[in-house]
Structures are given as structure tokens and as C-alpha cells.
Protein chains: 2
Amino acid sequence: MALEHAILVSLLEKPGSGYELARRFERSIGYFWTATHQQIYRVLKRMESDGWVDVREVPQQARPDKKEYSVAALGRTALSGWLHEPIEPESVRHDLAVKIRGAAFDDPAALIREVERHHRTHTDRLAHYLAGERRDFTGPEAPAAPDAGQQLQHVVLRGGIAYERMTIAWLEDVLATLHRLRGEG
Amino acid sequence: MALEHAILVSLLEKPGSGYELARRFERSIGYFWTATHQQIYRVLKRMESDGWVDVREVPQQARPDKKEYSVAALGRTALSGWLHEPIEPESVRHDLAVKIRGAAFDDPAALIREVERHHRTHTDRLAHYLAGERRDFTGPEAPAAPDAGQQLQHVVLRGGIAYERMTIAWLEDVLATLHRLRGEG
DNA sequence: CTTGTCTATGCAACTCGTTGCATAGCAGGA
DNA sequence: TCCTGCTATGCAACGAGTTGCATAGACAAG
């Protein structure tokens, strides 16, 4: 499992609490790795007892205290070890594709609204990624000479952008097919 | 969960045994939904006791007997109900992206071989999909007037092809970035 | 004649991930 | 004042998915 490793990377980029990690997993990290707060708290606890992360109690005013986690030496070693291991190309779980093939045994036209909804979601995500890219990498406030970390973050973001563009184009292909079938049927 | 639904779709396309389903999940269906044989046997058993599928013992010579499953009326109803429910756009799990961002805290150049390996895997998959497309949809043996089911299978396959092409181009972008960083570092 | 491979099914144990619920302080609006 | 919402952490139960192992007949290669 790689949730531990995703957490290590996120904490190396910036230490933070379980709650803050959960919010990051709704945003930047969540573009390629999702996790709920319960999962994060549980895994953080295990990582702490394994000595991968250090904890620091941070008192706060106007809000509850928090535990700030940062990566310990053992955690860096564990991450390094994982980085040098080969991994399998990801396995896919695409509900919509199952639905599209299933539509052959039901009413294909009924899927049109659903596909349109997904199209809107992916269009929104693309706009969100592009805004982030302008803000952090290509806009006037972006660093003139990005360091290695920034270049690597940018190439991952470009992957997200390419994925959304591809998905949007494919959903349009799906819509055209569904409309054509409605005309025929 | 949608494994039940993926099984229903596959059985509607063609009835078969758990073993045959497992093989399909390594091929066509597996392009967008993976499952091991243990998972499939367990879910089939539940679907059978829920009356979603019918079983028929098929004696065979030169090999063990098998249980051939086909979709029952209740299964069709369940599938139809699921098709009319909205689903959330998929959540992503992309180990390689985690590794790429993690490489900022290790040696980026060490990732080059790994990325090249993924590039080869996706190139192979693309070739495999394109061969399937020629065989079933665009080649000389393909049906001149494909029915709804074939058109829907084709649009799903086109999605797989677009995904592989996008991924291959992105991996080349990643490789270029890693080589650039090695030159700088 | 033994070893390996393919079809075919399944159990048991485990880890991973989700859902529902609980607590608790503080802030802002009706 | 009460209700809603945000930060912040966590338990308990369940469901999904993986890994290892077991069985068993038939065939092919060495």
C-alpha cells in the first residue's frame, strides 16, 4: 500500500496535522491519491508507533490544539526504499465504462444526462488545474528558475491536465455515440 | 460496489463460469475493471443466493465440470436500477505520481528506468487495444452495420486507446523532465 | 513416471477503505 | 439563545479486495 508513502511525501513538502493532510488529500495530492480523514488518522498512528514520523503538540487559540507531524529519519529511509522498488502500472476501476457497456441491455439514451454530468465535473477539474498551473508555474508570480521539487510537481500537474483533457474529449465521443444510437433506435 | 454490475454486464454479453469470467477480467473487461478469481467466485455465490443469476452444471470431458452462470430476471432488474442511479466520477490511485513527487527528496534520476518500464507496458497495451479494434471494429472482418452493443463496446475501447496514448505522451514528458534535472543536478 | 501446466473451484486470514457516529471548543447569524 | 458550521481527533463496525493455500483431473514434455 502506498498511502503511507503519499503521506510521507506530503509531510516532506510541508509538515502538518492529520486534519491538514486530509484537506490536502481533497486538493493537490487528491488529484492522484484519495483518502478520508479516518484512514489518515489511523495510518498516522501506525507510522508514529513505527517511528516514521515525529509528533509535536501545537496549542492554538480560537480553535482546538493540533498534533503536527513531520517525517523522521526512519520515514525518510522507508520512502527511499519504496522509491527504489518497482511498482506495477495501476489497475483501473471505471464505473462509467461498465455502465456504458451495460446500457446495451437497457436504454442507452438514459445515460446521456449522466455522461453530461461527468463532462461538467471534468471540465471544472480542468479549469481548476489550469488555474493552479498559472498560479504556481506559468503565471507572472511563478518562479523564474523552478527547483527540482517544483519541476516535478509541475510535471505531475501536467499529467492531471492531460488526463482531464483526454477524458473530456472521450466523454464527447460517448455523447455523440449515444445521440447516434437514439437516432437509430 | 460495482463488481456485481460488471459481472452482470459480462454475463449478459455471454454466459460463462467463474473461471471464464476471471479470464475475461484479465482481458477486455479488465481494461476498466480488475478482479481476481477469488473475488469473482465469492461475489457469484452471493449473486446466486440473491437470485441475480442462474446456475447450470455443465459436464465436460478432458477437463473438470463447470458451473455456467447466466443472468436471471432479478439480476436484470438490479442492473437496470444501478444504470439509472448517478455515480461519482472515479477516484484516482496513481502510485507513479506519488513516486515522482517523492523523487524530489531522493534521486530523481533513479526513477528513469522505472518510468521507461511503465512506458513500455503502456505501449504494449496500446498495441494490444489497436489490434483488438482492427479485429472487431475497423478491420475487413468487422461488421458493416454494428449494433448498439458493438458501438458501445467500441466507444469504451476508444476510451482505453485514448487513455494509453495520453499516458504514453505524459510519460515521455516525465522522462524529459527527469533527464533535464539530471543535467542540472 | 515424474514434473509442470491448464482448467476449475474454493477456504481462511488478512489488509485496505468506507460509513456512521461521537466529542469538543469556538464563531457567526437568526 | 439556539442552530449551524468549521477545526480537530478518534472509535467501531462493516464491506471490499488481496494473498496464500488446497484440491483435483487431464495432458504434454522430459
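By convention in this document, chain letters (A, B, ...) are assigned in the order of the sequence lines, proteins followed by strands, and residues within each chain are numbered from 1. The basis for the numbers below is simple: all heavy atoms, side chains too, and nothing from hydrogens, waters or symmetry mates.
Closest to the A62(B) side chain, of the nucleotides dA26(D), dT9(C), dT18(D), is dA26(D). Closest approach to the K66(B) side chain among dG17(C), dC27(D), dT9(C) is made by dT9(C) (side chain taken as heavy atoms from C-beta onward). For R93(A), counting side-chain heavy atoms from C-beta on, the closest listed nucleotide (dT18(D), dC11(D), dT9(C)) is dT18(D). In the set dG17(D), dC11(D), dA16(D), the nucleotide with an atom closest to the side chain of R46(B) is dA16(D).
Taking Ile, Leu, Val, Met, Phe, Trp and Tyr as hydrophobic and joining them when side-chain heavy atoms fall under 4.5 Å apart, one finds M166(B) in a cluster with Y163(A), M166(A), Y163(B).
Q150(B) meets the side-chain hydrogen bond (donor to acceptor under 3.5 Å, both in side chains) test with no other residue; sequence neighbours excluded. E20(B) is linked by a side-chain hydrogen bond (donor to acceptor under 3.5 Å, both in side chains) to K66(B), counting only residues two or more places apart in sequence or in another chain. Residues that satisfy the side-chain contact (heavy atoms from CB on, under 4.5 Å) test with P64(A), not counting sequence neighbours, are absent from this structure. Every residue was checked against the side-chain contact (heavy atoms from CB on, under 4.5 Å) condition with R135(A), not counting sequence neighbours, and none meets it. With sequence neighbours excluded, the residues forming a side-chain contact (heavy atoms from CB on, under 4.5 Å) with D106(B) are S80(A), L83(A), H84(A), listed by chain and number. For Y19(A), the side-chain contact (heavy atoms from CB on, under 4.5 Å) partners at least two apart in sequence or on another chain are S17(A), R23(A), Y41(A). Remark: T34(A) engages R93(B) in a side-chain hydrogen bond (donor to acceptor under 3.5 Å, both in side chains) (not counting sequence neighbours).
The interatomic distance linking H37(A) (NE2) with dC6(D) (P) rounds to 15 Å, in whole Å. Here the P atom of nucleotide dT9(D) and the CG atom of L21(A) are 9 Å apart, to the nearest Å. Between K45(B) atom NZ and dG10(C) atom C1' the separation is 7 Å, expressed in whole Å. If you take CD of E4(A) and P of dT15(C), they are 12 Å apart, rounded to a whole angstrom. For the pair D65(B) CG and dG10(C) C1', the interatomic distance rounds to 16 Å; values are reported in whole Å. Rounding to whole angstrom units, CD1 of residue I40(A) and P of dC16(C) are separated by 15 Å. E48(B) has its CD atom 12 Å from the P atom of dT9(C), to the nearest Å.
D65(B) is not listed as a side-chain neighbour of V58(B), based on a closest heavy-atom distance of 4.5 Å or more.
At the phosphate of dG10(D), neither OP1 nor OP2 sits under 4.0 Å from any side-chain N or O atom of Y41(A). Listed pair Q39(A) / dT18(C) meets the phosphate criterion, a side-chain N or O lying under 4.0 Å from OP1 or OP2.
Inspection of the R182(A) and H179(A) side chains reveals an N or O donor paired with an N or O acceptor under 3.5 Å.
Between the side chain of R42(A) and the base of dT15(C) there is no donor-acceptor pair of N/O atoms closer than 3.5 Å. For Q38(A) and dG17(C), a side-chain-to-base donor-acceptor distance below 3.5 Å is absent, hydrogens and geometry of angles not being considered.
When the local axes at the two ends of the helix from dC1(C)-dG30(D) to dA30(C)-dT1(D) are compared, using 5 base pairs at each end, they differ in direction by 20° after rounding to 10°.
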Interface polar pairs with nucleotides 4-7 of chain C, N/O, under 3.5 angstrom:
unit_1 : atom_1 : unit_2 : atom_2 : d
dT7(C) : OP1    : R23(B) : NH1    : 3.2
dT7(C) : OP2    : Y19(B) : OH     : 2.8
dT7(C) : O5'    : Y19(B) : OH     : 3.4

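Contacts classified as ring pair (Phe, Tyr, Trp, His ring centres under 6.0 Å) and involving residues 133-156 of chain B (residues at least two apart or in different chains) are given here: F137(B)-H154(B).
The stretch residues 6-18 of chain B touches DNA chain C through S17(B), G18(B), each having a heavy atom under 4.0 angstrom from the strand.
One finds a salt bridge joining E4(A) and R46(A) here, because a Lys/Arg side-chain nitrogen approaches an Asp/Glu carboxylate oxygen to under 4.0 Å.
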